[in-house]
Structures are given as structure tokens and as C-alpha cells.
Novice: 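Handing you this structure, nothing more for now.
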Amino acid sequence: MSGHTPSPRISPDEIRVTAEMARLLLSESDIPKLSDELSAILAYANSLAEVDVTNVPPMTHAVPDHCPLRGDVVEPHIAREAALRNAPQRESAYFAVPAVFAGSDEGFDSEG
Amino acid sequence: MSTSNTLGDSFSSVADLAKAVRSRQVSAVEVTRRQLDRIAKLDAALGCFLAVDERGALAAAQAVDDQVRAGGGDDLLLAGVPIGIKDMICTEGLATTAGSKILSGFVPPYDATVVAKLRAAGAVIIGKLNMDEFAMGSSNENSAFMPCKNPWDLTRVPGGSSGGSAASVAASLCPVSLGTDTGGSIRQPAALCGVTGMKPTYGRVSRYGVIAFASSLDQVGPLGRSAVDVAHTLQVIGGHDAHDATSLNLPQPDYIAATESPLHPPGRKLRIGLPKEYFAKGLDPRIESCVRQAIATLEREGAELVEVSLPLTQHAVAIYYLVATAEASSNLSRYDGVRYGQRVSPRDGELQPGQSALVEMYKRSRAAGFGPEVRRRIMLGTYVLRSGYYDAYYRRASQVRTLVARDFAQAFERCDVLMTPTSPVLPFRLGERTSDPLAMYLADVYTISCNLAGLPGLSMPCGFVDEEGSGPLPVGLQILGPTLHDEQVLRVAAAYQRLTDWHTRKPSSLGKESV
């Protein structure tokens with residue numbers, strides 16, 4: 001159990017940090033609004049703190065015991081061309097992205 | 001034949017329609033053509049379809065006719081039955097957007113399992129249905145493309161997120177459709193549009209090829225005019241799928257047979273549980289009155305009523321908005337402008353020193369592609385998953401979720417099904433509730449717990465309310481069953497529909513407009 005008591009109010013700075021994590025470019029005018037809205041929703045959700053969850057396991061599936069993984073065998077899969085067809089930008093058989101390293105003008109990079 | 005507008009309408013069920021196609025009483029091409037004509041005539045005013053696949057539908061119908069003419073097709077459960085697919089579900093070669101600009105132009109390279117199964121059963125995919133962006137919403141007003149209207153009153157919302165799936169069936173633009181349900185997104189629009197819609201037990205229907213919103217809650221299900229039509233469609237789309245690790249590897253019940261079975265279980269009377277928390281403050285008294293009359297109808301047939309309590313209902317919305325947003329923030333991280341969808345790159349000179357062109361491309365693509373509700377939920381979900389908050393929010397919510405499921409299991413020791421209103425409010429006017437996200441979330445209170453506990457749930461019409469200036473507006477009755485007892489829910493729904501005719505009512509204004 002975390003001893004962390006969540007802050008009831010999400011400050012504009014917290015919104016900025018969260019937006020960076022979520023890879024969302026926010027306009028400055030969005031920030032106070034999101035701060036208010038998220039704070040209201042989380043204040044409402046704080047009612048869960050009243051519930052005793054000692055020794056209660058978390059739930060992710062209603063019937064978890066009947067979901068076998070399939071065998072680890074190679075099956076037919078989507079052809080490379082079909083997978084690339086929706087790419088906003090490609091170079092030969094790859095998805096192309098803006099250069100990752102400053103000064104690099106390569107269209108794509110292996111593992112950043 | 002009757003004078004109705006589509007051939008689909010001339011048959012009392014999709015089973016009858018499929019039978020007529022299989023016996024060459026009518027051709028699938030003719031059925032499809034009439035359906036396309038009606039869509040062309042009416043959908044501009046309704047906004048049900050984001051895409052109509054005229055060419056693909058006619059080709060599929062022709063293929064069914066060819067197969068039948070060649071002496072085959074006897075096993076095609078949905079031979080020639082036109083079906084609309086929520087745009088959350090991938091269709092090979094047919095644009096799929098999830099109602100979002102970030103996916104505009106995306107053409108899936110493969111079919112979702114449910115779509116492949118429909119095609120194999122002879123169904124004709126007629127088009128893609130409007131929805132709230134990424135299924136986030138309860139009114140269809142969060143569609144990035146256009147709002148969808150309620151066929152009973154074009155100034156009102158059809159509900160959401162599967163608004164197009166419900167409105168298209170209500171307006172007879174297709175006899176059945178597929179929706180997805182994460183917190184009520186099939187049942188609530190079914191209620192608001194006066195049709196029957198079902199969310200099966202979590203894991204009964206494959207999610208492979210279904211765009212993910214909240215993976216532990218999402219489930220695909222059918223909408224139709226009746227429980228019988230819903231059962232036929234579910235029979236086709238359900239069953240184990242090795243491509244979905246959450247898919248249940250269990251024998252599929254005979255849903256169709258269930259709809260032909262008597263109301264009562266063998267040897268005893270049906271016990272209907274009434275959770276008192278679902279008949280509480282905030283429920284429109286006119287809705288309560290319709291729901292209670294429906295229950296009284298079944299009581300007259302011998303059903304026993306049992307009052308039950310689900311005390312954790314008060315926490316359901318809170319759990320839902322933590323779990324669903326956390327999972328969404330993770331699922332939607334894939335929309336980054338790299339492999340598909342919209343890309344917005346920083347312009348020359350826009351990059352600050354130290355900024356990565358790649359990261360800035362992600363941020364711009366996502367900001368431009370996602371609408372306000374989706375951005376809000378990604379932000380909330382990212383926040384609650386942040387280091388230090390995970391235990392307090394996501395983990396705790398998932399633990400309380402276990403307790404919600406236990407509440408239901410306990411209630412089902414005393415009853416076979418639960419009956420509740422589906423929505424506490426009637427279809428509201430477009431724009432009426434958009435300003436306060438929390439208030440919109442709270443209206444989902446009756447449908448959310450079913451997803452949290454993974455139960456099967458169905459909504460069907462149980463009456464109409466005459467609203468000043470609107471004419472009749474439909475009211476939905478929700479039936480919830482124990483985990484894995486989907487067929488029980490369908491059995492009770494079909495029995496109710498044999499006793500009543502609410503599900504046969506159609507919006508009159510649309511009839512007049514059409515030929």
C-alpha cells in the first residue's frame with residue numbers, strides 16, 4: 001500500500017509535466033481548464049479512499065481462468081507492404097520519422 | 001409483401017430474412033440495394049454512417065447470391081443480412097476512424113475477428129457507424145466528424161458511444177449492427193433509441209481488430225430490433241479466438257435456443273433482483289414508472305421479485321473513470337503519427353534548442369488529432385498512472401472493482417437476473433449536457449458496474465414517455481445476468497418481448513419522410 005496521499009488539486013505545473021509524459025502539446029489556455037476539470041474528477045474519485053481493500057486482489061478479468069495463451073508458433077502475418085500502406089511517411093521498407101539526433105538529416109533511425 | 005421501405009423491414013427477424021435469401025425467395029443484392037437506398041434518403045439528416053460501402057456491400061451480397069444459386073449457403077446464419085459496424089472495429093479495405101481525426105484515412109489491412117465471422121456467415125457489411133471519438137462519450141457529440149441524431153427526435157442525442165449503431169437500427173437503416181461497450185456504450189444508446197443491445201460477458205466475443213479503449217472493460221456486442229435478432233448475431237460473432245488473450249476458451253452457449261425457451265428456468269419460477277441503489281435519487285420518475293411496469297408484467301407471469309443491495313454502486317463511476325482513463329492513456333499512446341494516421345511535424349524554426357524533432361512530432365500529431373474529451377481522458381489516465389500515484393488510484397480502483405464483482409456474485413445467489421433502468425435520463429437535446437464532463441459521467445451510473453464486474457447486460461425498450469414538444473421518447477430496461485450466463489439474459493429479454501410490443505415501435509416521423 002502506498003503511503004502517498006494524492007493531492008486533491010492538480011496544479012498547472014503538474015498538468016504541464018503530465019502533458020509532457022502523455023506527449024500532448026497543450027496550449028497555455030488549455031492548462032487552467034484541465035487543472036480545474038481533472039481536479040474535480042479526482043476529488044470525486046477520492047471517495048475510493050474510504051473503502052477497505054485490505055487483502056483484496058485487483059481485478060482485470062471476470063473469468064481469468066479460461067484464457068489460455070496460444071502456442072508460440074509462427075503464423076501467417078500481415079505482409080510488409082500492407083503494414084506500410086498507412087504510413088504517413090516511409091523510406092523503402094521502413095516507417096520514416098524526423099531525425100532523432102540534432103544535426104542528423106537521416107529520415108529514420110534504428111533505436112534512438 | 002408490405003409497403004415498408006426496406007426488404008429487411010418486411011421480415012420479422014434477421015433469421016427470416018436470411019432464410020428467405022437462402023431459399024431464393026429474395027436476393028441478397030435486392031435487400032442490399034433497398035437498404036442502400038434508404039440510407040441515401042435518410043442518413044443525411046441522421047448522421048449514422050461515417051462511411052457507406054456501396055460497392056463492397058453489393059459485391060458481398062452478390063457473392064452470397066452466387067453461393068446460394070450454386071446450391072450452397074445452407075449454413076449461412078446471416079445470409080444477405082445487411083449490418084452496420086461501429087467505426088471502432090477494423091474492416092479490411094474500408095476506412096476505420098474510431099470517430100477520430102487522428103485516424104482519418106486509415107484503412108485497416110485486416111478484418112477484426114468479429115467482422116471476418118460476420119462475412120463467413122453471409123452478412124453484408126453495409127458501412128461504418130458514427131460514434132464518440134474512441135468510444136469516449138455518452139451522446140455521440142464527441143464524434144470528430146459530425147453528431148448523430150436520435151431518430152425519435154432529431155434535436156436529441158442518440159446516446160453513445162455507439163450512437164450510430166443504435167440510431168441506424170432505430171431508423172431501419174440496417175436490421176442489426178455491432179457496437180462496443182466499455183461503460184454502457186451499447187446499452188445506453190440502445191435505451192435512448194428504443195432498440196435492443198447487448199454487452200456479453202467479458203471475453204465471450206473477440207476483441208482482435210477492435211480498436212482498444214479500456215482493454216479490461218471493452219466488449220463487442222450486437223444491437224437489433226429484438227432479443228432474437230441480437231441472439232442470432234451474437235451466435236455468429238461469439239466464441240474463442242486465439243488472437244485475443246482475454247478471449248474465453250469455453251463452449252459457446254446456444255443463444256438462439258435461449259430466446260425460444262420459456263421465461264422460467266426448468267422446475268421453478270424466475271427470480272428477478274431489484275437493486276435498490278438503481279431506483280434512487282436522480283432517476284427520472286417517468287423512467288422509473290415504465291421500468292416498474294415492465295417488471296410487473298413479468299411478475300404477472302409468475303416471476304418472483306427480490307430486493308437486493310449493491311452497496312458499492314456509489315463508487316462505480318469513480319472506479320470506472322480511473323480504470324478506463326488509465327488503460328486508455330496506455331492504449332492511445334500508439335497514435336503517434338509514425339505507422340498510421342495523421343502526422344503533424346514541427347515547422348522550420350519551431351524547434352527550441354534541445355527539443356527532439358521526433359518528440360515534437362508526436363506531441364503535435366496527438367494534439368491535432370485528438371479531440372478535447374480524448375485529451376482530457378489521456379491526461380487523467382497519464383496522471384493516475386504516474387509513479388507514486390499508481391497504488392492510490394489504479395491499483396485501489398482495481399481492488400474496489402473486485403469488491404463490486406463480489407457484490408454482484410452475492411446478489412446473484414438470491415436471483416437469476418437483475419432488472420434496472422438503463423439510463424436515469426431520457427434522450428437529451430444536443431448540446432444540453434456538454435459543458436460539465438463530470439455530470440455527463442454520472443449519468444452512466446447504471447451501466448458501468450456491469451463492465452467493472454464483466455457481466456452480461458442487455459437493454460431493451462420497455463415503454464415511451466411523451467415529452468412536451470417531442471412526441472414519444474423511448475425508455476430502456478436493463479437486464480444483468482451472472483458472469484457467463486449470457487443466454488439467461490437473452491432468454492428473459494425474449495420472453496418479455498413475446499409479451500409486449502414496445503420493441504416493434506418505430507419512429508413515425510421518419511416513415512413519413514420516406515417513400
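In the text below, chain A, chain B and the rest are named by the order of the sequence lines, each starting its count at 1.
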Novice: Got a donor-acceptor contact below 3.5 angstrom from the E277(B) side chain to the L310(B) backbone?
Specialist: yes

Novice: What residues of residues 349-358 of chain B make heavy-atom contacts with chain A at a cutoff under 4.5 angstrom?
Specialist: A357(B), L358(B)

Novice: Answer with side chain, backbone, both or neither: which region of D65(A) has an atom nearer than 4.5 Å to a non-hydrogen atom of chain B?
Specialist: neither

Novice: Please confirm whether the backbone N or O of C90(B) pairs with a side-chain atom of T96(B), one donor and one acceptor, at under 3.5 Å?
Specialist: no

Novice: If you look at every heavy atom in Y202(B) and T60(A), which pair is closest and at what distance?
Specialist: CE2-O, 4.3 Å

Novice: Let's test your reading of the structure: which of S365(B), S345(B), A242(B), A405(B) forms the most heavy-atom pairs below 4.5 Å with chain A?
Specialist: A242(B)

Novice: Among Y394(B), Y362(B), Y321(B), which has the most heavy-atom pairs under 4.5 Å with chain A?
Specialist: Y362(B)

Novice: Please classify the contact of T325(B) with chain A as side chain, backbone, both or neither, using a heavy-atom distance under 4.5 Å.
Specialist: neither

Novice: Given side-chain hydrogen bond (donor to acceptor under 3.5 Å, both in side chains), test N331(B) with S215(B) step by step and report yes or no.
Specialist: CA-CA 8 Å; N331(B) 277 326; S215(B) 303; 3.0 Å; yes

Novice: Counting heavy-atom pairs under 4.5 Å with chain A, which one of Q314(B), H240(B), E327(B), H243(B) comes out on top?
Specialist: H243(B)

Novice: Identify which part of L103(B) has an atom lying under 4.5 Å from any heavy atom of chain A, answering side chain, backbone, both or neither.
Specialist: neither

Novice: What orientation do F370(B) and F134(B) show, parallel under 30°, tilted 30 to 60°, or perpendicular over 60°?
Specialist: perpendicular

Novice: Between T246(B) and chain A, with a heavy-atom cut-off of 4.5 Å, which part of the residue counts as in contact: side chain, backbone, both or neither?
Specialist: both

Novice: Side chain, backbone, both or neither: which part of L322(B) has a non-hydrogen atom closer than 4.5 Å to chain A?
Specialist: side chain

Novice: By a 4.5 Å heavy-atom criterion (distance strictly below it), what part of Y390(B) contacts chain A: side chain, backbone, both, or neither?
Specialist: neither

Novice: For T483(B), which atoms come within 4.5 Å of any heavy atom of chain A: side chain, backbone, both, or neither?
Specialist: side chain

Novice: Where on L84(A) is there a heavy atom nearer than 4.5 Å to chain B: the side chain, the backbone, both, or neither?
Specialist: neither

Novice: Do L380(B) and I41(A) have side chains that approach each other closer than 4.5 Å (heavy atoms only, starting at C-beta)?
Specialist: yes

Novice: Taking atom types as modelled, find out whether R207(B) and S247(B) have a side-chain donor-acceptor pair closer than 3.5 angstrom.
Specialist: no

Novice: Between L24(A) and chain B, which part of the residue has a heavy atom less than 4.5 Å away: side chain, backbone, both or neither?
Specialist: both

Novice: Can you tell me which portion of M379(B) sits under 4.5 Å from chain A's heavy atoms? Options are side chain, backbone, both or neither.
Specialist: both

Novice: Are a donor atom and an acceptor atom from the side chains of T54(A) and D52(A) found within less than 3.5 Å of each other?
Specialist: yes

Novice: Which one of G454(B), G203(B), P109(B), A318(B) has the most heavy-atom pairs closer than 4.5 Å to chain A?
Specialist: A318(B)

Novice: R375(B) versus chain A, heavy atoms under 4.5 Å apart: side chain, backbone, both or neither?
Specialist: both

Novice: Between T91(B) and D111(B), is any side-chain donor less than 3.5 angstrom from a side-chain acceptor?
Specialist: no

Novice: In terms of heavy-atom pairs under 4.5 Å with chain A, which of R343(B), Q342(B), M361(B), E360(B) leads?
Specialist: R343(B)

Novice: Checking A397(B) against chain A: side chain, backbone, both or neither under 4.5 Å from a heavy atom?
Specialist: both

Novice: Would you sort out whether D486(B) and K199(B) count as a salt bridge (charged side-chain N to carboxylate O under 4.0 Å, His left out), showing the intermediate values?
Specialist: CA-CA 9 Å; D486(B) 307 68; K199(B) 182 202 92 73; over 6 Å; no

Novice: Please walk me through it: do E75(A) and R70(A) pass salt bridge (charged side-chain N to carboxylate O under 4.0 Å, His left out)?
Specialist: CA-CA 11 Å; E75(A) 288 180 31; R70(A) 69 176 188 269; 3.4 Å; yes

Novice: Taking the side chain from R377(B) and the backbone from P372(B), do they hold a donor-acceptor pair closer than 3.5 Å?
Specialist: no

Novice: Considering all heavy atoms of both residues, which atom of C67(A) and which atom of H61(A) are nearest to each other, and what is their separation?
Specialist: SG-NE2, 3.3 Å

Novice: Against chain B, work out which of A22(A), A40(A), P64(A), A45(A) has the most heavy-atom pairs shorter than 4.5 Å and name it.
Specialist: A22(A)

Novice: Name the region of V317(B), side chain, backbone, both or neither, that has any atom closer than 4.5 Å to a heavy atom of chain A.
Specialist: both

Novice: Side chain, backbone, both or neither: which part of L48(A) has a heavy atom under 4.5 Å from chain B?
Specialist: both

Novice: What part of L250(B) is in contact with chain A, defined as an atom under 4.5 angstrom from a non-hydrogen atom: side chain, backbone, both or neither?
Specialist: side chain

